[in-house]
Peer 1: 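Below: one structure in structure tokens.
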Amino acid sequence: MTDFQMIPLAKLRLSEANVRKNDTTMFIDEFADNIADKGILQNLIVVPAKKGMFDVFAGGRRLRALGVLLARGTIAKDYPVPCRIFDPDAAEQSEISLIENVIRQNMTPTDEIRAFKYFISEGSDLDAVAKRFGRTRRFIEGRL
């Protein structure tokens, strides 16, 4: 089964099949700020679990960032989260989680430089750009 559905945040929990185990909270506050500002830009991938719950096996950082927003009182437990529902076994869940984390292409430094310069030219300062994109001020300075 592959279906898209809005699922209340309270019905989502992190799956053990999610392969990302390290650095899961790095820049999580900035990620939460971004979600609060722009919404969730990419759906979570879930599998049905017991008692009406869903296990998130791809999108764990997005789930953690939503948890930060919940703790801050920015969103409620019934906040609708866009999810893609699969029904694979545990091995396939881990494979899909790995695919989501590995098969992607980061921007080139040149593209990052152009993008950061654009936001600086539009009036943002280095600290604001760093926070907005989950980077350190030193990283932005290095790119510029």
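Just so it is clear, the structure is predicted and the values come from calculations on it, not from any experiment. Atoms considered below: every heavy atom in the structure, side chains included; atoms not considered: hydrogens, waters and symmetry mates.
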Peer 1: How many angstroms lie between atom CG of Asn34 and atom CZ of Arg62, to the nearest 0.5 angstrom?
Peer 2: 12.0 Å

Peer 1: Do Leu144 and Leu126 come close enough that some side-chain heavy atom pair is under 4.5 Å?
Peer 2: yes

Peer 1: Between CZ of Arg61 and CZ of Arg64, what distance do you get to the nearest 0.5 Å?
Peer 2: 8.5 Å

Peer 1: Salt-bridge test for Arg84 and Asp3: reply yes if a basic N is under 4.0 Å from a carboxylate O, no otherwise.
Peer 2: no

Peer 1: Any side-chain heavy atom of Val68 within less than 4.5 Å of one from Arg72?
Peer 2: yes

Peer 1: I'd like to check Lys117 versus Ile120 (side-chain heavy atoms, cut-off strictly below 4.5 Å). Are they in contact?
Peer 2: no

Peer 1: Which heavy-atom pair separates Ser15 from Asp55 by the least distance, and what is that distance?
Peer 2: CB-CB, 3.7 Å

Peer 1: Apply side chain to side chain contact (heavy atoms under 4.5 Å, CB included) to Leu63 and Leu9, showing your working.
Peer 2: CA-CA 8 Å; Leu63 182 61; Leu9 178 57; 3.8 Å; yes

Peer 1: Report yes if some heavy atom in the side chain of Met6 is under 4.5 Å from a heavy atom in the side chain of Cys83; otherwise report no.
Peer 2: no

Peer 1: Please walk me through it: do Ile140 and Phe119 pass side chain to side chain contact (heavy atoms under 4.5 Å, CB included)?
Peer 2: CA-CA 11 Å; Ile140 303 298; Phe119 290 106; over 6 Å; no

Peer 1: Indicate the atoms forming the closest heavy-atom contact of Arg132 with Ser124, along with that distance.
Peer 2: NH1-OG, 3.9 Å

Peer 1: May I ask whether Leu44 and Ile85 are part of the same hydrophobic cluster, defined by side-chain heavy atoms of I, L, V, M, F, W, Y residues being less than 4.5 angstrom apart, directly or through others?
Peer 2: yes

Peer 1: Quick one: closest heavy-atom pair of Leu12 and Met53, and the distance?
Peer 2: N-CE, 4.0 Å

Peer 1: In terms of relative ring orientation, are Phe116 and Phe133 parallel, tilted or perpendicular, with 30° and 60° separating the classes?
Peer 2: tilted

Peer 1: Say you draw a straight line from CD1 of Ile28 to CG of Leu66; how long is it, rounded to the nearest 0.5 Å?
Peer 2: 9.0 Å

Peer 1: Got a sec, which residues hit salt bridge (charged side-chain N to carboxylate O under 4.0 Å, His left out) with Arg143, two or more places apart in sequence or on another chain?
Peer 2: Glu112

Peer 1: Looking at every non-hydrogen atom in both residues, tell me the closest pair between Leu70 and Ala76 and how far apart they are.
Peer 2: CD1-C, 3.6 Å

Peer 1: Taking all non-hydrogen atoms of both residues, which atom of Ala36 and which atom of Thr74 are closest, and how far apart?
Peer 2: CB-CG2, 4.3 Å

Peer 1: Linking I/L/V/M/F/W/Y whenever any side-chain heavy atoms sit under 4.5 Å apart, do Val56 and Leu69 land together?
Peer 2: yes

Peer 1: What I'd like to find out is whether the side chain of Val46 reaches to under 4.5 Å of the side chain of Gln5, using heavy atoms alone.
Peer 2: no

Peer 1: Any side-chain heavy atom of Val81 within less than 4.5 Å of one from Phe54?
Peer 2: no

Peer 1: Any chance you could measure Thr108, atom OG1, to Arg114, atom CZ, to the nearest 0.5 Å?
Peer 2: 7.0 Å

Peer 1: Determine the minimum heavy-atom distance between Tyr118 and Ser121, stating which atoms define it.
Peer 2: O-OG, 2.7 Å

Peer 1: Atom CD1 of Ile35 and atom CG of Asp37: how far apart are they, to the nearest 0.5 Å?
Peer 2: 11.0 Å

